[in-house]
Each structure stands twice: as structure tokens, then as C-alpha cells.
Amino acid sequence: MKKFLLALFTGFYATSVVFSQNEVDSLENVLETEIADTTRVQVLTDLSRLLTRSNFEKAMTYGEEAVEVAKVAGDQRHLMIAYRVLGATLFRRGEYEESIPWFEKGLPIAKEIKSDLDIAAFLNNIGTAYTLDYKYEKGLQYLLEALELREAINDPKIAGTWNNIGLAYRYLNEFEKALEYYHLARIAKEEQKDVNGLANTYTNIAMAYLNLGNYEEALVYGEKSLAAAREVGNLVREANALNNIGNIYRRSGNNKTALEYYGLAIPLKKQVGNKRSLGRTYNAMKELYFQEGDNEKAQIYLDLTAENYGKKKSYYSDLARLDSARGNYKTAFENLKIWIDHYKDELDQEAIKNISQLEAELDLVRKNSEIENLSRQNEIKDLSLQASNRQKIFLGSLLLLLFLIAGIVFRLYRERTKRNKTLKELNSTKDRLFSLVAHDIKNPLSAFTSITNSLVENQNTVSKEDMGYFLEQLSKASIQLNQLLKNLLDWSLSQSGKLNCNPEQIVMYDAVNEAIAHLQVSAQLKNITVKNNVSPELASFGDYKMIVTVIRNLVSNAIKFTAQGGEIRIETRTEGNETKVMVRDNGIGISSGDQGKLFQIGTDYKSIGSSTEKGTGLGLQLCHELIQLHHGEIGVRSELGTGSEFYFTLPPMGAAKLREAA
């Protein structure tokens, strides 16, 4: 009986397949029998592996039991395997920091039993976990050590380490070095004829080239990814590859070719039955046709998007936009009212005021359009009655010309009046903004002057403790100045119309990592933990640099208003056809009255809340404008004493490729 059970287990352990629920049940039945400790550890670790994604808690329970059984049995090799399984379970869940201690427990055992393959695997796993936990330099150190060992023993898994080193360099914005290691991984997988692995590596290379703005090379490897997907007959990968190539062409400004590739992706997506993915492609085509001025096709793909996604919140606003472009102001007005009535409760008072003004302007345009149409009909009728009289035709033409001139003069006068009013408002806003910016620049500059003068005058008597304090204050002042100047530059570009939105498929996890990297020093000064809880598989659609700027500003604000030793979490949630990104802190919170003052340029933020760390509010205004460029929403939920949640929404663009972490 024991031999039968051991043979049954060995079949499960050795076969590389996707486990079904029946196989889980079979292994759990084995646990209920009398089996040797070694066999029990094997069954427990195997159950932990296959339940990692479907039942995390149960996977951890089996893994921890495997550790205890292996310890009692004195089986070092299986204890090492159990440690690795527990670390991998946490890693796949995105809990990179928590996975590291388990890998570090297994590493000494691998060294003790002198298994170079296992040592290299643990070094690779630890380095990858540190990299994904924002500790890029430390992660790179472990990965390079793993690489050295794998090169020495000619480990066939070396391509995975090359790929992960490329990932670390990419996070460090060293894209050229990232490409070097990605290409090493590519060469190895080409020699191994690992077509599935190549499809993933080609995608990584294409992303690195896209980060460098090298659209030609990005396209070359996008095409290679497509060829690999077709070779293995994976329709899902083939459809995604076609869609990604379309995105590359769209990013490079070649809308016509982008539409062709989107068109090729559509029948494959229909075949595999992925309606959400199909809806995203239709939505991209709708936007391209709208940009090209082809309103009829834009309407067709808007309807197809709704057919696959349902009539979500952007449907009626898109209808209003199309009707307005076609001159159907009455219909545009009606669709806009439907959108407003449906979502009015979610809008703040300032937004409602702006929308009400827009309603009035649309109503005026509609009335003027009806008057102009009636005037044209009367003129045509008069001209047809006077067709036989050249003099009357001449007089009618002259009257029409005078009418048009009068209309132009009136329009110019109205536009000038409106422009003057806008300029007055802008000047008023500018004065308030400059006053607040000047005040905020003055404070850190004054701190620099005061501290440096004090250090010069007392350089021989300043204690080590005081020196640390002064350096910390100088660091804070430099961080404040750097953040303020970055926001001021981006805001000035947005106001001058020079800030272009170049949407593409982005991995939200990467964008959050890059934003957090800029704020590590600021967070460490207050001993604040910043956690990226975004799934590495989540992809959205937007301008990568703009989204990083938005996240950076929201996290920076959270750091300002969070006490020493606090915690900040960045999370996402998919709602309908949108991805919501949330920055949550356990800081002092914001009262409901003060929340109404946010996202308004020129607001004196010295009057908000009780925190001593204030600002101009320029960062939040910049966030508001950048998210508007993405047709998304931004807002805040908060209560005094319980912390705050700032959020914004973006359209998703499908799941990103899983990273190679083995």
C-alpha cells in the first residue's frame, strides 16, 4: 500500500501539468493515510505549490506543516524545499518583503548540502524579491551573485537570471543595460528553442526599446513576439501581440497602421471569446477615428464598445462629444444631460458649477444654430423667388454679405469680451499662485541660508547629534524645493498647451514603483512605510510619465500629512471598464469642509487642516489636469483622525505578461 501511495505521489510530483481539483483531492486523501515523513513532506509541498493561486491561506498552511514535519524528521533537503515553496507562495501573491525571510532560511541549507543549483536558485529568488520591493541595488547584488554561480556551473536556468537583472536595471532607468541582459536571455532561449519563453522575452525587449523612444526596434520585437505566438498556436497571445503592435504604431503617430493591426486582432479575440479584451480594442479604434475626424466610424466603434462593455459612464459623454463634432448640438446637449444626471452625485460642487456653465453654453449654441438654420432657409426662399431679377440677386447677396460681416464682428466682440474675462480670472489666479509659490520657495531657501550660516560659524563646536539634525533639515528643504519646481514646470507646460498626452499600454505596478523610488528619502526621514500592493499583472492605458507624476504627487502629499512611523499603501481595483488607483494613508485626515478646497489652483493650503507641513496645492491641481487629459476622474475620501484616500481612474488594457521569477 505504501509503495502504491509513493508511486502515486511521484507521478504527481514529476509531471509538469496544470493540477485539477480532482488531483488536489487525491493528494489530500494521501495525507489521511499512514505514510513516511519524507513522503508526507513531499505531498505537503506539492499541495502548497498547486494551491498557491487558488487558495493562498491553505497553501501557506500546508507549507508551514511541511516545514515542521521536515524538522522533526531531520530531513534537511526537504526542509529546504519547504522553505522555498513558502517563499514562492508569498512571492506570487506580491508579498515580496515577506517572501525574503523564507528564501534566506533555505539558502544556508543549500550551502550546507553543497547544492550549487539550489544556491543559485535561492540567490536569484532573493534578488528578484528585493528588486520588486523597491530595493533595486540590493536586489541587483544578489542577482549578480546568482549569475556568477550559474555561469560557473553552466546552469540552464541562467536565462531567467539575465531576464531579472534586466528588470532591475530597467527599474533603475538604465534601459541600455536592461537591453544587454534581455538580449542575453533572448539568445539563450533561442538556443533552447523555448518559443513560449521567447514570446515573453521579446515583449520585455520591445518595452525597453519603447522606453527609449526607439519605435523601430520596439516594432521589430513586437513582430517577433507575434511570430512566436503563432508558432505555438496560442490565439490569446497572438491577439495580444497584434494589439500591442497596434499600440506601438499609435504611440509613433501612425494611426492608419495602428487601425489595421487592431482590425487583425478583433476576429481572434472574437474566436477566443474575450469580450472585455475585444471591448478595449474597439474603444482604442473609436478614439483613433475620432482623432482622424471620421465621426461615423467613431460612432460605429463606440456602439461596439458598449455592446461588449455595456453602456458605462463614458458612453454618453462620448456620444455628446461625437454629436458636437457633427454639429448636432441639440442631441449632444441631451446626451450630456443624461451623463450629468446619472453621475451628478459623484461630482463635487466646483465640477457641478462648471458643468452647469457648459450646459448654458450648449443651450446658447443650440438656439443660435436653430436661428441660423431658419435664417438660411428664409434667404434661400427669397433668392429662389428673385432668381429672374439680377438686381435683386445682387442686393440680396450684398445684404447676405453685410449680415455675415455683422455676424463676424459680433462673434469677434463676444470672443474678445469672453477672453478679457478669462484673462482677468487667470491674472487673479496667477497672482494668488505666485504669492503662494514665492512663500513656499522662501521657506526652504531660508532654511538653507540659516542652517549653512550656523554650520559655518560653529563648525568646530557642532556636535554629531546636531550635525545629523541639520543635515536632515537640509534634506527636507531640498526635497521640498525639488518637488515644487518639478510641479511648477509641468503645470506651466500644461497651461501653455505644450504638455502632450501620449497614451500607451502601461504596467501600473512599474509606474507605482518608479514614483515611489523618487520619494524613498522623504519617506525614510519620517520612518514611513510605502507599500506597492498593485498586481504586477495589471495593465492600463495612459501616458506613462504623466501617470508616474500623478502617483508621485499623491504619495508625496500622503507623506506630508502622515505622522512618524505611519504607513502608505498604493492599491488598485477594477470597476466596470475602468481601473481605479488608490493612495491610502493613516495620517491626520482632512475635514469635509477642507476637502472642497482641494484641486483648486491658487488655494491657500496654509488654511487647510492642522498639519505644519503645507504647500501651494499646485501638485494636486497638476494631478487634476493630467487625469482630465486621460478622460478619468480624481478625488478624495477622508475623515479627521482616520487617514485619507486619494484616487483616480484609468481605462485598463488587458493583463501584462507574468515576470519570470524562477
Side-chain angles (χ1 to χ4, degrees), residues 91 94 96 123-147 158-189 197-222 224-225 244 247-248 251 502 504-520 530 532 534-549 551-552 570 653 655-662:
F91 183 96
Y96 307 116
L123 290 171
N124 181 77
N125 291 339
I126 294 170
T128 306
Y130 273 124
T131 299
L132 296 176
D133 195 39
Y134 325 129
K135 301 175 181 65
Y136 309 132
E137 291 83 0
K138 192 169 185 177
L140 187 58
Q141 180 182 348
Y142 275 96
L143 288 170
L144 291 173
E145 188 177 348
L147 176 61
I158 193 171
T161 300
W162 281 327
N163 186 78
N164 294 333
I165 292 173
L167 182 68
Y169 277 122
R170 182 182 165 202
Y171 284 151
L172 290 167
N173 292 326
E174 296 186 37
F175 303 122
E176 295 289 355
K177 275 200 168 183
L179 276 172
E180 290 179 19
Y181 285 95
Y182 282 150
H183 278 301
L184 287 172
R186 170 186 62 80
I187 293 170
K189 290 180 180 180
L198 276 171
N200 181 57
T201 301
Y202 288 149
T203 297
N204 287 339
I205 295 173
M207 286 294 294
Y209 278 123
L210 200 59
N211 286 329
L212 289 169
N214 190 337
Y215 303 124
E216 292 182 2
E217 288 297 322
L219 186 58
V220 167
Y221 285 95
K224 287 188 175 184
S225 178
N244 289 336
N247 291 337
I248 295 171
R251 174 85 176 270
N502 298 308
E504 61 177 312
Q505 184 174 342
I506 60 175
V507 179
M508 188 59 64
Y509 181 89
D510 295 345
V512 173
N513 268 352
E514 183 170 335
I516 293 174
H518 293 289
L519 301 169
Q520 286 295 324
V530 183
N532 181 358
V534 177
S535 169
E537 302 175 13
L538 176 68
S540 293
F541 193 58
D543 185 297
Y544 184 83
K545 290 184 178 179
M546 289 187 183
I547 298 307
V548 171
T549 298
I551 298 171
R552 188 188 71 229
I570 300 92
M653 286 297 291
K657 300 291 187 296
L658 292 174
R659 292 185 178 85
E660 185 171 354

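Quantities reported herein were computed from a predicted structural model and do not represent experimental measurements.
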Steps toward side chain to side chain contact (heavy atoms under 4.5 Å, CB included) verdict (I165, L147):
CA-CA 9 Å; I165 292 173; L147 176 61; 3.7 Å; yes

Show your working on side chain to side chain contact (heavy atoms under 4.5 Å, CB included) between Y182 and L167 and close with a plain yes or no.
CA-CA 8 Å; Y182 282 150; L167 182 68; 4.3 Å; yes

Verify side chain to side chain contact (heavy atoms under 4.5 Å, CB included) between W162 and H183, making sure each step is shown before the conclusion.
CA-CA 9 Å; W162 281 327; H183 278 301; over 6 Å; no

Show the numbers, then the answer: is there a side chain to side chain contact (heavy atoms under 4.5 Å, CB included) between E504 and D543?
CA-CA 6 Å; E504 61 177 312; D543 185 297; over 6 Å; no

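At a threshold of 4.5 Å between non-hydrogen side-chain atoms, the residues L538 and V507 do not count as touching. In this structure, the side chains of L212 and L179 come closer than 4.5 Å at one or more pairs of heavy atoms. Counting heavy atoms from C-beta outward, E216 and N214 have side chains that approach closer than 4.5 Å. Y96 has its side chain out of reach of T131: every pair of non-hydrogen atoms, C-beta onward, lies at least 4.5 Å apart. Two residues are said to be in side-chain contact when any heavy atoms from C-beta on lie closer than 4.5 Å; N173 and E514 meet this criterion.
Annotation: side chain to side chain donor-acceptor pair (under 3.5 Å) contacts of Y142 (sequence neighbours excluded): none. Every residue two or more places apart in sequence or in another chain that forms a side chain to side chain donor-acceptor pair (under 3.5 Å) with K135 is listed here: D133.
Defined by atom type and a distance below 3.5 Å, a donor-acceptor pair is missing between the side-chain atoms of Y169 and E176.
Classification of the Y136-Y171 ring pair by plane angle, with boundaries at 30° and 60°, yields tilted.
Judged by distance alone, with hydrogens and angles left aside, the side-chain atoms of N502 form no donor-acceptor pair with the main-chain N or O of R251 at under 3.5 Å. Under a 3.5 Å cut-off, the side chain of Y134 and the backbone N or O of N532 do form a donor-acceptor pair. Counting only distance, with no hydrogens or angles, the side chain of Y509 and the backbone of L132 share a donor-acceptor pair below 3.5 Å. Between the side chain of S225 and the backbone N or O of Y221, no donor-acceptor pair lies under 3.5 Å.
Minimum heavy-atom separation, R186 to L198: O-CD2, 3.6 Å. Among all heavy-atom pairs drawn from A515 and I551, the shortest one is CB-CG2, 3.7 Å. Contact detail for I547 and A511: the closest heavy-atom pair is CG2-CB, 4.4 Å.
Each of N164, T161, N163 was checked for a side chain to side chain donor-acceptor pair (under 3.5 Å) with T128, and the lone residue meeting it is N164.
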